[in-house]
A.B. asks: 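Encoded as structure tokens, here's the structure I'll be asking about.
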Amino acid sequence: MRKEVGGEANLGFTVPDAYDAVLAEKKKKLDGCDSNQLIRWFAMRQAKEHDFYYDFQLNEENQLINFFWRDGRMRSDYEAFGDLLIHDTTYRTNKYDMICGPFVGMNLHTQNIMFGVGFILNEKAGTFDWLFNSFLTSMGGKQPVTIMTDQSSAMDKAIREVFPKSRHRLCTWHIGENAVVNIKGVMAKEGFKRRFDYVLKYTDTVAEFEHYWNSLMTDYNCKTHKWIERLYDLKEKWCPAYNKEWFSGGILSSQRSETTNHSISRRLHKTNGLCDFYKCFLDVIDEWRSKENKGDYNSSTGNRYYACADNMLCLHARDVYTIAIYLIFEQRFIKAIGLRCQRISYEFPVSKYIVGHPTKDFIRHVVMFNEQELVVDCTCKSYGEIGVLCSHILRVFIVHNVEEIPKQYIMKRWTKKAMNMIVEEGEDRDNEVSVVSASVWRMQSIRNCIKVINEAQHCPAARKLIDLGVLDMSCKVKEYIGGVEGDGNVSNKYVREETLLDGIEPSTDTVLPDVVEPIAEKVIPTMIQNPPKRKRKIKNGTEKAKERNVRPKGIVEKKRNKLKGWNKRRERHVDNLREETQSTDQCIINLPVGGVLVHPTSSNSQLEAYVPDDYFGVHIQPL
């Protein structure tokens with residue numbers, strides 16, 4: 001503006017005047033009380049929408065101290081993907097210094113999904129108890145299988161009371177950060193950090209964890225450290241080996257919830273009010289749902305880019321799973337090809353195998369396979385934790401020529417039809433009605449409506465019939481889920497007289513007319529050339545380097561390559577940590593010639609050695 005008028009002296013106002021004008025426009029949107037306006041918006045949404053829920057708490061001075069809200073879509077998402085719940089209260093991102101605590105999950109495309117948002121004033125046990133009870137009430141009393149949080153004694157107490165059936169897991173990322181502070185001297189020793197990271201995140205069985213934990217404590221002489229002793233007492237809340245029976249999707253930290261706070265902090269400042277944060281949360285949720293719709297569409301159209309083109313097992317997985325989950329399955333299938341599979345016993349119809357990489361896996365896994373009922377079990381227990389068959393089981397499937405994934409090992413939340421099955425309310429709840437995803441249903445409905453309109457466009461009576469039908473259908477839809485327009489009447493049991501909602505009319509925003517500035521006349525040449533190309537790289541000072549012939553890639557292929565690259569890097573990192581950690585014991589443990597160290601099949605806390613025997617074939621020997 002300063003440049004347009006020819007200098008700051010010609011503006012006619014100062015910088016403070018500009019900020020005052022912006023603040024005045026903001027005040028027009030509120031009724032003088034930020035919290036009051038927020039509750040009014042909640043009440044109006046509940047009056048208009050079918051399944052909107054909110055709750056709040058006031059102190060003795062009628063000040064807002066805690067509140068929670070969720071819409072109807074979050075309830076349906078929780079019904080489908082509520083087995084994993086991630087909650088984090090790290091950030092204070094508003095001018096009232098209230099703590100933002102979003103409830104986040106993971107959808108069928110491994111993307112973030114919002115279940116609800118809560119703001120609390122402090123981190124006391126009573127506050128968390130109220131927040132969790134509000135969330136549980138809004139979701140019809142359904143408890144998650146696993147709830148992931150950071151380490152907090154107040155939150156732990158509230159979770160034990162409100163979610164007694166859920167498995168409470170602690171964020172391993174926060175534990176690693178606390179380790180840098182509490183055991184700084186030990187963490188600085190060579191090799192400790194990588195071995196500690198492996199024990200913290202990647203052990204498969206309790207026997208493996210106990211073995212490497214004791215080895216780590218002995219090698220670095222830190223078993224008597226108080227912080228390490230407290231950490232070991234909480235091992236069932238952070239060690240994956242103790243939580244294989246509870247689904248967690250492979251999540252080890254609460255950073256999925258923290259990304260919500262990062263998304264908000266990029267858009268707003270700490271001086272913004274609660275109404276600003278509410279609107280910003282709506283933008284973030286809308287962005288997440290848009291990504292989910294794109295994932296639904298891409299998965300429905302199919303994934304043309306896969307490594308094993310002619311394998312029936314991979315073809316079946318591609319037809320069942322979404323693209324993101326299929327890539328995980330494909331990566332595990334490729335890894336299974338390089339594993340060694342040795343059958344050590346057979347009693348029809350059960351076969352027992354030792355599976356592992358011949359050079360990378362010092363400790364191998366045991367797989368039990370019933371070829372008659374297609375029941376399989378692996379000591380790594382990866383399916384119970386992630387919901388996708390592990391590479392050890394897939395190697396056994398390859399040996400037995402299994403061409404389809406057994407139905408009992410296809411987790412519904414990872415399939416393309418995860419959100420396409422609804423259960424009818426009533427007595428008969430066993431009948432499921434199949435529906436398509438939202439984006440596909442929208443396109444099909446638009447095509448059907450266009451077809452009917454084209455047939456009726458030349459008949460006045462038919463057009464009138466369509467108009468009446470659309471009006472009647474619109475009224476019924478608004479009655480069921482709510483519409484954009486409404487009378488503004490508030491009928492809500494959560495609205496109290498103390499909030500001063502009565503007698504206050506909602507403010508209206510002033511709409512400014514569009515101002516169109518004249519465009520200066522430009523001289524347009526008769527022929528417009530293409531943009532200039534980038535200069536070619538010079539090779540050896542004289543020759544021009546050849547341009548790479550890059551094939552244009554579609555959006556689906558780019559996303560597939562990105563996910564595949566991330567999965568490969570993660571698998572490589574875990575394999576390197578496992579190889580380094582297991583190499584420390586190879587020189588200590590003396591195995592007989594031909595012996596193999598394996599994970600125990602029972603609840604035994606000791607590793608086992610499978611030693612060949614000339615008479616019995618295989619002899620099991622505890623380590």
Side-chain angles (χ1 to χ4, degrees), residues 42 45-55 68-87 102-118 132-147 163 166 247 249 256-257 260 278 281-300 322 324-325 387 411-426 428-445 476-484:
F42 287 163
R45 284 196 63 179
Q46 191 176 63
K48 296 176 183 179
E49 298 182 17
H50 169 62
D51 196 17
F52 184 86
Y53 179 91
Y54 75 98
D55 194 4
F68 167 82
W69 68 274
R70 64 122 182 100
D71 58 19
R73 172 69 182 274
M74 295 177 186
R75 171 70 181 272
S76 60
D77 289 339
Y78 185 77
E79 290 292 333
F81 310 112
D83 45 11
L84 174 64
L85 180 63
I86 306 170
H87 183 65
F103 294 88
V104 180
M106 182 168 56
N107 64 7
L108 68 167
H109 307 292
T110 68
Q111 300 168 342
N112 285 353
I113 189 170
M114 187 73 71
F115 295 144
V117 182
F132 293 155
N133 273 305
S134 297
F135 175 82
L136 192 63
T137 303
S138 70
M139 298 302 178
K142 179 183 177 180
Q143 299 185 21
V145 177
T146 300
I147 177 170
F163 302 110
S166 302
F247 175 83
R256 282 183 175 266
S257 180
T260 309
Y278 169 70
F281 262 108
L282 295 181
D283 294 337
V284 172
I285 294 170
D286 184 67
E287 181 181 341
W288 288 5
R289 291 174 179 173
S290 177
K291 291 181 180 179
E292 183 179 353
N293 290 335
K294 291 178 183 178
D296 291 340
Y297 176 78
N298 293 334
S299 296
S300 63
T322 60
I325 302 304
M411 188 169 287
K412 180 183 174 182
R413 73 167 343 267
W414 295 135
T415 62
K416 298 177 182 180
K417 298 180 180 180
M419 287 294 290
N420 300 345
M421 302 296 292
I422 58 174
V423 181
E424 289 185 338
E425 297 292 339
D428 189 9
R429 298 182 61 90
D430 296 331
N431 297 330
E432 293 186 350
V433 182
S434 177
V435 297
V436 297
S437 60
S439 57
V440 178
W441 174 86
R442 179 177 177 273
M443 294 303 301
Q444 291 177 349
S445 301
K476 290 182 179 180
V477 170
K478 288 180 180 179
E479 289 177 1
Y480 186 73
I481 62 174
V484 178

A.B. asks: Taking the six-membered ring for Trp and the single ring otherwise, decide whether the centroids of Tyr278 and Phe42 are under 6.0 Å apart.
C.D. replies: yes
A.B. asks: Once the angle between the rings of Phe135 and Phe163 is folded into 0 to 90°, is it parallel (under 30°), tilted (30 to 60°) or perpendicular (over 60°)?
C.D. replies: perpendicular
A.B. asks: Below 4.0 angstrom, N of the basic side chain to O of the carboxylate: do Asp51 and Arg70 qualify?
C.D. replies: yes
A.B. asks: How many angstroms lie between atom CD1 of Ile113 and atom CE of Met74, to the nearest 0.5 angstrom?
C.D. replies: 9.5 Å
A.B. asks: Taking side chain as C-beta onward, heavy atoms only, is Lys416 less than 4.5 Å from Ser300?
C.D. replies: no
A.B. asks: Measure the shortest side-chain to side-chain distance between Trp288 and Met114 over non-hydrogen atoms and say whether it is less than 4.5 angstrom.
C.D. replies: yes
A.B. asks: How would you list, by chain and number, every residue that makes a side-chain hydrogen bond (donor to acceptor under 3.5 Å, both in side chains) with Arg289, sequence neighbours excluded?
C.D. replies: Asp71
A.B. asks: If you round to the nearest 0.5 Å, how far is CD1 of Ile86 from CG of Asn112?
C.D. replies: 7.0 Å
A.B. asks: Does the side chain of Asp296 come under 3.5 Å of the side chain of His109 through a donor N or O and an acceptor N or O?
C.D. replies: yes
A.B. asks: Check side-chain hydrogen bond (donor to acceptor under 3.5 Å, both in side chains) between Glu79 and all other residues, then give those that pass, not counting sequence neighbours.
C.D. replies: Arg75
A.B. asks: Is it the case that the side chain of Tyr78 and the backbone of Lys142 share a donor-acceptor pair, with hydrogens and angles ignored and the cut-off at 3.5 Å?
C.D. replies: yes
A.B. asks: Can Arg73 and Glu292 be counted as an ion pair, charged N to O under 4.0 angstrom?
C.D. replies: yes
A.B. asks: Ring centres under 6.0 Å, that's the criterion: do Phe132 and His87 meet it?
C.D. replies: yes
A.B. asks: Hey, are the side chains of Trp414 and Thr322 touching, using non-hydrogen atoms and a 4.5 Å cut-off?
C.D. replies: no
A.B. asks: So Asp83 and Arg413, do their side chains get closer than 4.5 Å, heavy atoms only?
C.D. replies: yes
A.B. asks: Can you confirm whether Trp69 sits close enough to Val117 that some side-chain heavy atom of one is under 4.5 Å from a side-chain heavy atom of the other?
C.D. replies: yes
A.B. asks: Any donor and acceptor pair, going by atom type alone, linking the side chain of Ser134 with main-chain N or O of Asp55 inside 3.5 Å?
C.D. replies: no
